[in-house]
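Note that the structure is predicted; figures quoted are calculated from it, not measured. To find a chain, count down the sequence lines: A is the first, B the second, and so on, and within it residues start at 1.
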Amino acid sequence: MEIITLKTNAQTEMIDITDRVQEALDRQGPRDGICMVYVPHTTAGVTINENADPTVRDDILMVLNQMVPSKAPYRHLEGNSPAHVKASLMGASQMVAVAQGRLVLGTWQGIFFCEFDGPRTRKIHVTIA
Amino acid sequence: MEIITLKTNAQTEMIDITDRVQEALDRQGPRDGICMVYVPHTTAGVTINENADPTVRDDILMVLNQMVPSKAPYRHLEGNSPAHVKASLMGASQMVAVAQGRLVLGTWQGIFFCEFDGPRTRKIHVTIA
Amino acid sequence: MEIITLKTNAQTEMIDITDRVQEALDRQGPRDGICMVYVPHTTAGVTINENADPTVRDDILMVLNQMVPSKAPYRHLEGNSPAHVKASLMGASQMVAVAQGRLVLGTWQGIFFCEFDGPRTRKIHVTIA
């Protein structure tokens, strides 16, 4: 397992980690299989979406903010319940095929770390099966 | 990796691809493991849900359309931001166990390709690990 | 594949199954790889989130209930369409790395079975790849 360390810069942010994941795979040699990109946090997630136009990220985060209100009768006293909900909606992991050590992504796809309770220093686990 | 080509017929649509995925596995022989059904697009996704009553699909799409408004101050100029959001909510992949070459699904489960920006010709990648 | 049987107690409920999944892995011996926790139902799901403070679960379920209305012009006549939608939003499976037979989870993470149409007796499949 390779571990990526990432510093996030905002409370809510999608960061393209495709190159970082590929670099982690490069250290494993030219393997075939399935790569798991896993976030060991509960107020962050990971998703796959378009990485050509950065406004796609803005729009995804805007809709998530509308779906999960910042103010509601939340019971969790830390004040970050919206981040926990968004983490479960995006998911703690994404799986991507690996062929001869290269991520097999679609033309417009990138892998995004989704920060929902930043800024923080975060970890990402990259595992091949 | 097996590649399925699929023509979709509507802008928003859930298409049962369970048989197509099983056929792809059949070409791989009687293996055991985990099958990844992966969508290499950013305005489509894949989910597992009931395939007995087709109205379940209608209701899932209706709620997704309510959660992700078609009109909003979206910044992405292609006009398909709702499709990008829905793709991330459903996910780019689903994993299913394979025993002796057969998908291990629950009684009522089917695998659905989720078109959110059709009609288009789409690809689905099927990989066994 | 190991099968866990679970009795749920409410219509909507998140149940921490981390220990049950670890026990299933224990029966497989000290293996390395990726563990799939799979729900073979269409009105239940599985997610990974905080298991320290139980109010996080309450807040996740509260927001899901707001996002997926209990009353709407649903076409599916069984009356459990909201459960089907929530199942697809959370997902039918979660993947977790396994090192020497132990789940590799983050400090605050637990694996939760998400009941959306209970109470029922449910199954969970645990597979290692």
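The shortest non-hydrogen separation linking M36(B) to A97(A) is CE-N, 3.4 Å. Shown here for A129(A) and A129(B), the closest heavy-atom pair between the two residues is O-CB, 4.3 Å.
In this structure, chain A has no heavy atom under 4.5 Å from any part of M90(B). Contact of Y38(B) with chain A is made through the side chain alone, with heavy-atom distances under 4.5 Å. For P82(B), no part lies near chain A; criterion is any non-hydrogen pair under 4.5 Å.
Taking 4.5 Å as the heavy-atom cut-off, the residues of residues 40-68 of chain B that approach chain A are P40(B), H41(B), T42(B), M67(B), V68(B), ordered by number. Close approach to chain B, defined as a heavy atom under 4.5 Å from one of its heavy atoms, is seen in V104(A), L105(A), G106(A), T107(A), W108(A), Q109(A) of residues 104-127 of chain A, taken by number.
Interface check for chain A: of the options S81(B), P73(B), A92(B), S88(B), the most heavy-atom pairs under 4.5 Å are formed by S88(B).
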